[in-house]
**Q** 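Handing you a structure now.
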Number of protein chains: 2
Amino acid sequence: MTKPTPDPRHALTLRDVSEASGVSEMTVSRVLRNRGDVSAPTREKVLEAARALGYVPNKIAGALASQRVNLVGVVIPSLSNMVFPEVMTGISEVLEGTGLQPVVGVTNYLPDREESVIYEMLSWRPSGMIIAGLEHSAASRAMLARAGIPIVEIMDIDGEPINHAVGISHRRAGRQMAEAIIAAGYRKIAFLGTQMPNDFRAKKRLEGFEEALAKAGLTLVDREYYSGGSALLKGREMTAAVLNRTPDVDFLYYSNDMIGAGGLLYCLAQGLDVPGRIGLAGFNGVELLDGLPRKLATMDACRLEIGRKAARIIAEAPEASQVEELFPTLQPGDTIRQA
Amino acid sequence: MTKPTPDPRHALTLRDVSEASGVSEMTVSRVLRNRGDVSAPTREKVLEAARALGYVPNKIAGALASQRVNLVGVVIPSLSNMVFPEVMTGISEVLEGTGLQPVVGVTNYLPDREESVIYEMLSWRPSGMIIAGLEHSAASRAMLARAGIPIVEIMDIDGEPINHAVGISHRRAGRQMAEAIIAAGYRKIAFLGTQMPNDFRAKKRLEGFEEALAKAGLTLVDREYYSGGSALLKGREMTAAVLNRTPDVDFLYYSNDMIGAGGLLYCLAQGLDVPGRIGLAGFNGVELLDGLPRKLATMDACRLEIGRKAARIIAEAPEASQVEELFPTLQPGDTIRQA
DNA sequence: CGTGATATTGTTACCGCTAACAGCCCAATT
DNA sequence: AATTGGGCTGTTAGCGGTAACAATATCACG
């Protein structure tokens, strides 16, 4: 033991490791990054010293010097609705092998908050950004466009992307569901969804849905909105409200699976004949539905694949902008009459 | 050859803003950070120039120079089980006002992965770290202990914290639930839970549970484990398996609410008398339960409050280590007989 | 044994920003 | 008028690494 206690309060730097191992800082840096040739014995010496000291490199300094940051910003509206965790899984999965690391920011569907999250993230000079949605404030779009890094807008492709986009057409998804419902013979259709004015994708689905209804000469017979609270419970309550107000309704289209699940449980508890007397459908294809007594009709939003593809674009940083459209599949489940 | 037009792709620096506004870089820095005195007209000029250029400060350089990083690392095992998003909410809520910003890392319950996530985070020199659980590899503990920043281990307090801890006693929680079940007159009790060997908190709950059973002269009449897949569905399946194998079981204790909910739906579908013929209980107090046809007995894990308190500790960085124990409340719901 | 090629290690100059301190200007004070 | 003390702005010297290049050691070969 040379130094009894080399000031434990002093933060370790490359210099400490370099002194401990008797080589230059540069060589230590090379060993720790596995870059450039270093002789085997030197490498060992350095690694040993670093391990013994418990040295953790300072990426702040490293990033500044190398002008390279292995971070990818991911901006999403919420973590609590089961949809984004799966997107994250896809992203992490692909980034894993690239040395890139995702950093998540949550906006709670607030444009102002989104703007500040983006600003904050860009100030760390990430290698790329993945952002949910195509709708952003002018300032947000400007910042992203100027950042000089690949930007991927995910989930949605109905609009003008800043750079790249990966997602599905929610308008088309809504239309498809409506067509399937009409084809199954339902005519008195109601919509139940969130109140959130900034959930543009839910809004687009509804637009597509109504568009298809109109084409068939139909209009929604009722609609019910909610905000906040337990989605499952809200689903029950909203369903009760609609059934009460519009007793002859024969189909309930929910803007997401969670409230759809609540509605399904309610209908079953009421002893309603599903899908004979009344049909139901949600949106997202969440795993949760597998455990329900009856499988809710839904449309898978390709979340995993969206995450994967977005990450792949960031990793490859292609010159040309690209828009990847994915096509959700309708899962009829047990809550739509089979024709 | 000089540049005729100042390359618009050239990354902006303080210097660009300083030139555009005719003051020194230092003054620009002061304006943008709101630090030190700057005259009103100068401030305006600078802000105007910064806005016009679309300048985003480089925190990497700033952090290196000031030796200050406004990041707080949060290391959690998973995002998909509804429990951590709520902890995150509590953390964000408190950090909001402090200028600190959470950065999340996910370990998937893998110790190796936890180690590398911690290493990665520490290399950004955060102002503090919040980590789920008290069980970590020796290397992880060493890194954290040496980092010279406040460390808060959350969720659990049954063990030796590295620095600070905020959580509940899972052992005690298990014990309490067992006592309530026994008091309600149930005697043939089965456990249904996850297989994950690294979910130490679930393990501790089970230990406490069995301990209390033993004290009453009882042992589990059956147990069933699962891993992966849709928790709700697994809950159904496991419940079916147990009821089949051990027909006279009169209570099912689930390691989390999600499988408990699946079990509850199954029991109701089978027409079993709940809680008369058979009782059920879960753990966590997830919002989801509010929407179920009958309310599952559970124990709230104080997740929001844990997040808040942990963040508060980081923000205040107290000298002395502190351990905050929270006390979960038992919510009997409708699935335990009332004595 | 000299020579160029190759392998390994060191030196220097920043990266973009901020702490600390230095300077300047001008009103107020003596 | 000289002095003083704020208020405001500029200068200098890093922060802890890394790119690029320089230097030295080593080695094969004619």
Side-chain angles (χ1 to χ4, degrees), chain A residues 10-47 49-50 53-71 99 120 122-127 147-148, chain B residues 7 10-47 49-50 53-71 99 119-120 122-127 147-148:
Chain A
H10 167 252
L12 293 173
T13 73
L14 265 194
R15 152 153 263 113
D16 296 292
V17 182
S18 115
E19 281 169 2
S21 54
V23 299
S24 73
E25 299 175 36
M26 195 60 231
T27 300
V28 176
S29 169
R30 280 195 268 252
V31 171
L32 264 23
R33 283 178 303 147
N34 264 313
R35 212 171 301 273
D37 304 305
V38 179
S39 70
T42 306
R43 154 172 274 102
E44 273 319 307
K45 241 186 345 193
V46 170
L47 286 176
L53 291 172
Y55 174 70
V56 177
N58 185 331
K59 285 215 178 174
I60 305 221
L64 182 60
S66 68
Q67 302 285 64
R68 238 169 305 152
V69 181
N70 72 336
L71 262 26
E120 201 72 17
L122 286 180
S123 77
W124 288 101
R125 300 293 188 268
S127 297
Chain B
D7 180 4
H10 163 252
L12 293 173
T13 72
L14 266 193
R15 153 153 263 115
D16 296 292
V17 182
S18 116
E19 281 170 1
S21 53
V23 300
S24 72
E25 299 174 37
M26 195 60 229
T27 300
V28 176
S29 169
R30 281 195 268 254
V31 171
L32 295 177
R33 283 179 302 149
N34 265 313
R35 210 170 302 270
D37 304 306
V38 179
S39 71
T42 306
R43 155 171 273 102
E44 273 320 305
K45 241 186 345 191
V46 170
L47 285 177
L53 290 172
Y55 174 69
V56 177
N58 185 331
K59 285 216 177 173
I60 304 226
L64 182 59
S66 68
Q67 303 284 62
R68 241 170 302 149
V69 181
N70 71 336
L71 263 24
Y119 183 80
E120 201 72 16
L122 286 180
S123 76
W124 289 100
R125 301 290 188 268
S127 296

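Sequence lines set the chain letters: A, B, ... in the order given, protein chains first and strands last, and positions in each chain run from 1.
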**Q** Atom CG of Leu32(A) to atom P of dG16(D): distance rounded to whole Å?
**A** 16 Å

**Q** Taking for each residue the nucleotide of DNA chain D bearing the nearest heavy atom, is the 5' side occupied by Ala61(B) or by Arg33(A)?
**A** Ala61(B)

**Q** Select base, sugar-phosphate, or nothing to describe what Asp37(A) touches, counting heavy atoms under 4.0 Å on all strands.
**A** base

**Q** To the nearest angstrom, how far is Arg15(B) atom CZ from dC15(C) atom C1'?
**A** 13 Å

**Q** Between P on dG16(D) and CD on Glu19(A), what's the gap in Å once rounded to a whole number?
**A** 13 Å

**Q** Which nucleotide, dA19(D), dG16(C), dT18(C), lies nearest any side-chain atom of Arg68(A)?
**A** dA19(D)

**Q** Nearest to the side chain of Leu64(A), which nucleotide is it out of dG17(D), dC17(C), dC15(C)?
**A** dC15(C)

**Q** Hey, does the side chain of Tyr55(A) come within less than 4.0 Å of dG17(D)'s phosphate (OP1/OP2), counting only N and O?
**A** yes

**Q** Using only side-chain N and O atoms of Thr42(B), determine if any of them is under 4.0 Å from OP1 or OP2 of dT9(D).
**A** yes

**Q** Expressed in angstrom and rounded to an integer, what is the separation of Leu14(B) atom CG from dC17(C) atom C1'?
**A** 6 Å

**Q** How long is the line joining CZ of Arg35(B) and C1' of dA19(C), in whole Å?
**A** 11 Å

**Q** Atom CD of Glu25(B) and atom P of dT11(D): how far apart are they, to the nearest Å?
**A** 10 Å

**Q** If the cut-off is 4.0 Å, is Ser66(A) near the phosphate of dT18(D), judged by side-chain N/O to OP1 or OP2?
**A** no

**Q** Establish, with yes or no, whether the OP1 or OP2 oxygen of dT9(D) is under 4.0 angstrom from a side-chain nitrogen or oxygen of Ser39(B).
**A** yes

**Q** Can you measure Asp16(B) atom CG to dC17(C) atom C1' for me and round it to whole angstrom units?
**A** 13 Å

**Q** Hey, what do you get for CG (Asn34(A)) to CZ (Arg43(A)), rounding to the nearest 0.5 Å?
**A** 5.5 Å

**Q** Any side-chain N or O of Gln67(B) less than 4.0 Å from the OP1 or OP2 oxygen of dG16(D)?
**A** yes

**Q** Rounding to an integer number of Å, can you tell me how far Asn70(A) CG sits from dG17(D) C1'?
**A** 15 Å

**Q** Is there a donor-acceptor contact under 3.5 Å from the side chain of Ser123(A) to the main chain of Lys59(B)?
**A** no

**Q** Donor-acceptor check, side chain of Ser21(A) to backbone of Ala49(A), threshold 3.5 angstrom: yes or no?
**A** no

**Q** Counting any heavy atom closer than 4.0 Å, what does Arg30(B) reach on the DNA or RNA strands: base, sugar-phosphate only, or nothing?
**A** base

**Q** Can you tell which of dC17(C), dT18(C), dG16(D) lies closest to the side chain of Met26(B)?
**A** dT18(C)

**Q** Which of these passes side chain to side chain contact (heavy atoms under 4.5 Å, CB included) with Val17(B): Leu12(B), Val23(B), Val28(B)?
**A** Val28(B)

**Q** Looking at residues at least two apart in the chain, or sitting in another chain, which of them share a side-chain contact (heavy atoms from CB on, under 4.5 Å) with Arg15(A)?
**A** Thr13(A), Glu19(A), Glu25(A)

**Q** Taking the side chain of Thr27(B) as its heavy atoms from C-beta onward, which of dG10(D), dT9(C), dG16(C) lies nearest to it?
**A** dG10(D)

